[in-house]
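Following: one structure in structure tokens, then a few remarks.
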Amino acid sequence: MNARTPRNGCPDRVALSVWADTGADPAIARHVAACPDCRMVVDGYRSFDAAVRRAARPPADLADRVWAACLSAPADSPTIIIPVWMHAVRIAAAALIVGAVTAVVFVLGGSPAARNPALAQAETEGAALAVGLARPTIYIPFAGTGGGYPSLATEPIDSSRLTRVATTDPEAAVPPLPVSLRGSPVVLDNFVHHVWVVGDVRASEHELLGALPESATPLCTNRTDRSVCLKVILADRQLQQLVNRMQDAGWALVSPGLPQPGEESRLLATGKDVVYTVDLVAR
Amino acid sequence: MSDTGTKLSDAEIIARFKDGDVAIFQKLVDRYAGRAYQIAYGVLGSREDAEEVAQDVFVRIFRSLGRFRGDSEFTTWMYRIAMNLARNKYRWNKSRGARREISLQETLSDDETRALIQLAEERPSPDLANELNEFETNVMKEIDNLPPLYREALVMRNIDEMSYEQIAHALGCKLGTIKSRIARAREELRKRLGV
């Protein structure tokens with residue numbers, strides 16, 4: 001702080017710069033007051049500071065937009081880290097199983113669908129479900145996005161597939177809980193993502209907005225595929241009530257995560273806030 | 001839901017967030033989004049990029065606050081994230097040639113035409129240009145031309161009144177290094193602007 005340039009007695013520029021910020025050294029203060037050169041330097045520093053502060057003022061509504069971005073961001077889902085070699089083993093195992101099953105079917109007289117055309121349609125429907133269920137699953141003692149049940153909502157929404165799942169057998173999309181977790185109420189995760197299949201997306205959006213508590217401030221996004229995404233923060237109890245009401249309106253919930261309509265007993269309500277993401281997809 | 005009357009400390013807000021009061025995160029956003037923006041603006045010199053980085057900073061914090069252990073101050077953690085994201089954005093902008101010059105003699109391909117349109121869009125809007133006087137505009141232009149290490153330190157000092165100790169901690173440098181960088185940055189500006 002007291003470093004001086006020996007020749008003219010002025011502080012060096014590092015000391016002067018620090019003093020311009022802190023004003024902490026009385027000796028430099030006395031020098032600057034008496035030295036026009038150093039005063040000019042310090043004035044220059046301060047003019048830069050003022051210019052930068054003015055130029056870098058944030059927009060007035062920045063915080064609102066940042067908060068909206070937080071609510072709009074997809075939630076983290078549990079990650080299962082699988083070594084590369086495991087992928088190869090899994091693919092090889094799957095290929096072996098498919099080969100073995102195919103061989104057995106042909107040995108026993110060909111494909112059932114080939115024998116009975118009515119079965120072909122059912123097999124196609126079943127395959128659509130299988131696509132959703134064949135992913136690796138993880139069970140953790142929370143519900144919500146990716147939690148409680150295996151999440152099926154980690155890929156872009158394919159409304160045709162969702163509709164097919166919903167109109168065939170909605171329960172079939174929900175794999176059973178492990179025995180150890182059955183019957184135990186769970187606390188919702190901070191993020192819950194539900195996909196609802198509805199008749200009229202626009203009308204349903206209005207109905208949903210009308211059903212929200214007055215204090216809620218939802219964010220809506222209209223997608224190009226005419227589906228609607230709505231995000232809102234609700235207390236867990238409010239969310240359970242909302243889900244019940246949506247079910248009463250005749251909508252089909254195709255996401256397996258809690259809260260599920262009419263299943264309050266499975267929810268350990270604590271009054272915590274939950275970021276609820278709703279995708280409304282046309283039937 | 002969150003109350004709004006009392007002034008909570010950062011640590012209290014974080015504790016309540018961890019207890020499930022998600023909406024209280026908005027208080028942190030209200031408090032610090034501007035700072036994240038300013039740090040990013042100092043590094044990037046673009047309002048649009050700065051806002052993008054500020055949003056990214058808080059989205060990341062929103063997702064990971066539950067795992068924040070509180071080993072350091074929340075602000076120090078936030079500054080680090082903001083600075084790192086702004087640096088990444090700066091490198092990304094550089095690598096994609098956002099600032100490259102295109103010869104007037106060249107025939108422009110579609111990509112180059114798009115690049116030119118983008119360059120035009122990145123210039124300050126007329127409103128902003130009117131808002132800043134010529135000196136301020138020149139200062140920002142010359143700050144943009146400073147070596148990144150000098151610019152970062154100067155920006156953190158200037159726009160957020162961070163102490164030298166906080167800047168040193170956030171940038172992982174020694175205190176003397178920060179003092180020196182800030183002084184050199186100011187001297188460079190003096191030379192370039194003829195002040």
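In what follows, chains are A, B, ... by sequence order, proteins preceding strands, each numbered from 1. Quantities reported herein were computed from a predicted structural model and do not represent experimental measurements.
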* To do: Examine whether an atom of B:Ile143 lies under 4.5 Å from a heavy atom of chain A, and if so say whether it belongs to the side chain, the backbone or both; otherwise answer neither.
  => side chain

* Interchain contact, B:Tyr164 with chain A, by part (heavy-atom threshold 4.5 Å) ->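 For B:Tyr164, the contact with chain A is made by the side chain alone.
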
Does the distance from a Lys or Arg side-chain N to an Asp or Glu carboxylate O, for [X] and [Y], drop under 4.0 Å?
X: B:Arg157; Y: A:Asp49; answer: no
X: A:Lys272; Y: B:Asp21; answer: no
X: B:Lys179; Y: A:Asp21; answer: no

Roughly how far, to the nearest 0.5 Å, is [atom2] of [Y] from [atom1] of [X]?
X: B:Gln55; Y: A:Arg65; atom1: CD; atom2: CZ; answer: 7.0 Å
X: A:Ser47; Y: B:Arg186; atom1: OG; atom2: CZ; answer: 10.0 Å
X: A:Asp273; Y: B:Phe17; atom1: CG; atom2: CZ; answer: 10.0 Å
X: B:Phe25; Y: A:Leu71; atom1: CZ; atom2: CG; answer: 10.0 Å

* Heavy-atom pairs under 4.5 Å with chain B are the metric here; pick the option from A:Asp64, A:Val275, A:Asp43, A:Val41 that has the most. =>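 Heavy-atom pair counts peak at A:Val41.
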
More than 12 non-hydrogen atoms from neighbouring residues, nucleotides or ligands closer than 6.0 Å to [atom1] on [X], yes or no?
X: B:Glu73; atom1: CD; value: no
X: A:Arg46; atom1: CZ; value: yes
X: B:Lys18; atom1: NZ; value: yes
X: B:Arg151; atom1: CZ; value: yes

Find out whether [X] and [Y] are in side-chain contact, i.e. whether some heavy atom of one side chain is under 4.5 Å from a heavy atom of the other.
X: B:Leu28; Y: A:Trp67; answer: no
X: B:Glu51; Y: A:Pro59; answer: yes
X: A:Val52; Y: B:Val139; answer: yes

* For chain A, the option from B:Ala183, B:Ala40, B:Gly176 that forms the most heavy-atom pairs under 4.5 Å ->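 Of the candidates given, the most pairs with chain A belong to B:Ala183.
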
Please give me the minimum heavy-atom distance between [X] and [Y], naming the atom from each residue.
X: A:Ala63; Y: B:Ala33; result: CA-CB, 4.3 Å
X: A:Pro58; Y: B:Gly34; result: CG-CA, 3.8 Å
X: B:Gly20; Y: A:Asn190; result: CA-OD1, 4.5 Å

* Check: B:Glu187 main-chain N/O paired with A:Arg13 side-chain donor or acceptor under 3.5 Å -> no

* Backbone N or O of A:Tyr45 within a donor-acceptor pair of the B:Arg190 side chain at under 3.5 Å? ->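 Not at all, since once roles are kept as given, no pair shorter than 3.5 Å links the two residues.
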
* Determine the interplanar angle of the A:Phe48 and B:Phe135 rings, folded into 0 to 90°, and report it as parallel if under 30°, tilted if 30 to 60°, perpendicular if over 60°. =>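 A:Phe48 vs B:Phe135 ring planes: parallel.
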
* Tell me, side chain or backbone of A:Thr270 under 4.5 Å from chain B's heavy atoms, or both, or neither? ->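 Neither the backbone nor the side chain of A:Thr270 comes within 4.5 Å of chain B.
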
